[in-house]
Amino acid sequence: MTRFGHFDDRAREYVIERPDTPLPWINYLGSEEYFGIISNTAGGYSFYRDARLRRLTRYRYNNAPSDVGGRYLYLRDAASGEFWSPSWQPTRRELEDYRCRHGLGYTVIGSRRAGIEAETTYFVPPGQTLEVWRARITNHRDGPAALSLFSALEFCLWDAWDDATNFQRNFSTGEVLVEGSVIYHLTEYRERRDHFAFFACSEPLAGFDTQREAFLGPYRGWDRPRAVEEGRSAGSVAHGWAPIGSHHVELALDRGESREVLFVLGYAENPPDAKFDPPGSTTVDTRRVRPVIERFLRPAEADAAFAGLRERWSETLGALQVVTPNEHANRMVNVWNAYQCMVTFNLSRSASFFESGVGRGMGFRDSNQDLLGFVHMAPARARERLLDLAATQLPSGGAYHQYQPLTKRGSDAIGSGFNDDPLWLILAVAAYLKETGDGTILAEPVPYDNALGSEAPLDEHLQRAVGYTLDRLGPHGLPLIGHADWNDCLNLNAFSEAPGESFQTAHNREGGVAESVFIAALFTLAAGELAAIGERFGRPRDAAGYRDAARQMDASVRAHGWDGAWFRRAYDHFGNAIGSAENEEGQIYVEPQGLCAMAGIGVDDRTAERALASVAERLATPHGIVLLQPAYTRYRLELGEITSYPPGYKENAGVFCHTNPWIVIAEAILGNGDRALDYYLRINPSAREAISDVHRCEPYVYAQMIAGRDAPDPGEAKNSWLTGSAAWNLVAISQWILGIRPEHDGLRVDPCLPADWDGFEATRRFRGATYRIRVRAQAGARGRVTRLVVDGRPLEGTVVPPAAAGATVEVEATIGPHYS
Ligand code: BGC
Ligand code: NOJ
């Protein structure tokens, strides 16, 4: 039982108390256009909008020692010649009082050594394309201290993929300019780029370096740069090789004296016809950017921006705040899960310490699901995102699997033909409509495949998504799976035999009949949502058609998707059942058990209940619910990537955290509050904090996967931060356990609580009004809401109608004895 820090709930921070965490524990800076990843030892990198194409600073993944390369400062004591890094890395010299406070959009790293305290706050001011490092150095010695402070970062030559591979060119292209204490990174600016990076310091410089080799010295690493060791920069101006930015500031501090030194790293663009000063020269025009740089080098401006950032997050998180009897639920709902949802909204699956930023852009399926977790915090941004996503939809109703954030164009780079993809758009639009009531989005003209002239109302896009499934049904009346469905690794048509071939882009063998019960359930859910949209927004006739289609699909699942004690997963290329007791391995999969109940399939005839009992018996472990059992032990050509993973990892019987909240929701739908909360807590990061040595990833955010019971190290998490687990867990706890659920007609308050809770309180922003909700459970009661009082008046049912914007609505709900 080892912790590496603690939650500071009041400050909304996680405080890491020792630098040698099991893995780098990271945070994100920025939430608009400029982003940075920062670890607890100041490792990481920054980029503008696109982690691959506009990478500002360089980072080497998979490095040894790990996580070297970041936003570094070094302190050197002139008297002893001793030097260290106040963020521990890269020198890794011993520190006193090390602490890293990861907060919402900022990180503070502080420590003390030899009587010198240093604390650095890293953040991106709202509305800016730059980051501030505000360092405060304090001399706690008995006498004066003569210190050198060095900054150091390595520039990336923009395209991170090219930067990591194309050395024959890149070693000759690097260019910089040093003007006063500003280092400009200008590679390719002379030719086709109209953007550049800058790295500035608030103090007069004793020296600088911009060529890596000159700063480090030959055959040295960042742990022992020659310039720092000697206390003297070389004044190098990079041409080719590896441009870096390093400032050298001398500080003479009296006993007890404190000094602030600010650094600003940022991204700037010039108009293409005003790149140079004077015009016609090849010298970058810095006149537009200089005032911005100067502004944020002033402590008062930086402070104001920091305060603005904190305020912004308070405002964002104010959309939902709860006080429940469970501190882990409170902490995740109020702060960390909500925060993670905003991060997944911003970054999809592009840049983390498990996603390299050069591969996966914005996933179509992923981004739609991410929206479920942030729409209440940022409805306007959700609207924009929906239109962007829909604009990449194909005329067939299908979807590109991903799009690039800079161009907003769809791409097949990581595969195509995932037949579940388009249906997620319906779920996301439904969530947006329920949250905002803004039906105008349905009429919004949106192109297909971004082609000018192909614009059609968003509503039509949704209809085509349904049509896409109906046009592709297999012999059991279930949807054909295509390349795969939500489970990217269930590749039933790929038959991949070539070593190293990507399972995701592998060619599909024609002529098969592989069908997905999962897509059937998703379709049933989505068609139901589309019907409700039709009923609500004036298309009742279409609505009836969609209800019908949902009913038929429901019937197909009951007829061909039920295995006797749980729902089957799929039928393979040849029509054999998968996820069935008749299989040798992979007899039961988690996904359809959750999705079917969510779609209402089997809820009335108790098959859903039986399926959930099977989940409890076969899939639930203390570390969460594993994806399938028994794990596949050998590679199966007809199943694809899922069988490529060793047992217990990833889709092959790992605890795939994304799926767990589906079961939580299913349990809540069936009224099992105890089980719902129990499952919720098994993977709740805060609840797992006490076993950080086992879990190993950050205890403040969800990871994609926790190793399952078949792995050698059950309970070990991997792939933290960018995962659909964030959105779905927030939905599960807030909308289904706490039961505060936006619907077309208003805000439903219909909790499903564990027996030992006596209630909870919540504040929810909804369509401009504020709902103050108090739920009281009568002693021993285990049922649902039996009495709802809104602003003093009793109300039938559990839906609170929307109030006028600006209003505060008092909602009191009483949970009475079980009534079913
Ligand atoms: C992973 C999946 C992921 C897919 C995306 C696979 O290797 O196992 O979790 O969805 O790649 O391309
Ligand atoms: C991660 C992917 O990002 C997501 O789209 C997929 O559904 C899951 N893996 C399951 O394979």
Side-chain angles (χ1 to χ4, degrees), residues 340 343-345 347-352 354-373 389 399-403 411-425 427-428 481-492 494 496 500-506 516 518-519 521-522 569-570 586 589-592 594-595 625-628 631-632 635 639-662 702-708 711 717-729:
Q340 186 179 2
V343 171
T344 58
F345 158 59
L347 298 164
S348 192
R349 306 294 172 269
S350 68
S352 72
F354 294 85
E355 300 283 8
S356 64
V358 301
R360 307 209 288 157
M362 315 287 287
F364 189 88
R365 172 204 294 142
D366 294 328
S367 295
N368 278 306
Q369 287 172 86
D370 292 345
L371 188 140
L372 307 178
L389 284 165
Y400 282 111
H401 201 42
Q402 72 160 6
Y403 76 97
S411 105
D412 281 338
I414 59 157
S416 62
F418 296 80
N419 281 352
D420 65 312
D421 267 337
L423 294 171
W424 296 107
L425 180 65
L427 259 50
I481 200 168
H483 193 74
D485 59 25
W486 172 89
N487 191 328
D488 277 332
C489 298
L490 196 57
N491 314 123
L492 303 182
S496 175
E501 177 183 46
S502 158
F503 286 100
Q504 300 297 311
T505 53
S516 163
F518 176 89
I519 301 182
L522 179 63
R569 181 61 178 83
Y589 280 64
V590 72
E591 305 100 300
L595 253 280
I625 303 165
V626 298
L627 194 142
L628 59 82
Y632 294 108
Y635 177 57
L639 300 183
E641 184 166 2
I642 192 161
T643 61
S644 75
Y645 289 114
Y649 282 153
K650 296 277 286 185
E651 282 86 345
N652 187 14
V655 174
F656 215 89
C657 293
H658 189 137
T659 65
N660 281 225
W662 294 340
Y702 287 93
Q704 180 197 63
M705 184 212 50
I706 299 171
K718 284 182 192 151
N719 198 356
S720 53
W721 281 98
L722 303 183
T723 156
S725 318
W728 278 109
N729 275 289

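All figures in this text were calculated on a predicted structure; none of them were measured in a lab. Both ligands and their constituent atoms are indexed starting at 1 by order of listing. Counting from 1, the numbers follow the sequence of the chain as shown.
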Identify, by atom number and element, the atoms of ligand 2 in contact range of N487, meaning under 4.0 Å from any of its heavy atoms. 11 (O)

Atom 5 (C) of ligand 1 - nearest protein heavy atom and its distance: R360 NH1, 3.1 Å

Please state which option from M705, Q504, H658, K650 has its nearest heavy atom closest to atom 12 (O) of ligand 1. Q504

Show which atoms of ligand 2 fall inside a sub-4.0 Å distance from at least one heavy-atom site of Q704. 1 (C), 9 (N)

Who's the nearest protein heavy-atom neighbour of atom 6 (C) of ligand 2, and how far? W486 O, 3.2 Å

Any idea which protein heavy atom is nearest atom 4 (C) of ligand 2, and the distance to it? D366 OD1, 3.2 Å

If you count the atoms of ligand 1 from 1 in the order shown, which ones are under 4.0 Å from a heavy atom of D488? 3 (C), 4 (C), 5 (C), 10 (O)

Close approach, H658 and ligand 2, non-hydrogen under 4.0 angstrom: no

Could you check whether R569 pairs with D485 (Lys NZ or Arg NE/NH1/NH2 to Asp/Glu carboxylate O, under 4.0 Å)? yes

Could you grab the distance from atom CE of M705 to atom CG of N719, nearest 0.5 Å is fine? 8.0 Å

Look at the aromatic rings of H658 and W728 and report parallel, tilted or perpendicular, splitting at 30° and 60°. tilted

Could you tell me, atom by atom, which parts of ligand 1 come under 4.0 Å of a heavy atom of E641? 6 (C), 7 (O), 8 (O)

Rounded distance (nearest 0.5 Å) linking atom OG of S502 with atom CD of E641: 7.0 Å

Given the side-chain rings of F418 and H483, with only the six-membered ring counted for Trp, is the space between their centroids under 6.0 Å? yes

For C489, counting its heavy atoms only, list the atoms of ligand 1 lying under 4.0 Å from any of them. 1 (C), 2 (C), 6 (C), 8 (O)

Is there a side chain to side chain donor-acceptor pair (under 3.5 Å) between S350 and E355? Walk through the geometry before answering. CA-CA 6 Å; S350 68; E355 300 283 8; over 6 Å; no

Within a strict 4.5 Å, meaning less than it, do heavy atoms of the V343 and W721 side chains meet? yes

What is the ring orientation for F518 with W486, classed by angle as parallel under 30°, tilted 30 to 60°, or perpendicular over 60°? tilted

Under 4.0 Å from one or more heavy atoms of Q704, ligand 1 contributes atoms 9 (O)

Going by heavy atoms in the side chains, are W424 and L522 under 4.5 Å from each other? yes

Do me a favour and list the nearest non-hydrogen protein atom to atom 2 (C) of ligand 1 with residue, atom name and distance? E651 OE2, 3.1 Å

The answer for which part of Y645 has a heavy atom under 4.0 Å from ligand 1 is side chain

To which protein heavy atom is atom 11 (O) of ligand 2 closest, and what is the distance rounded to 0.1 Å? E651 OE2, 2.5 Å

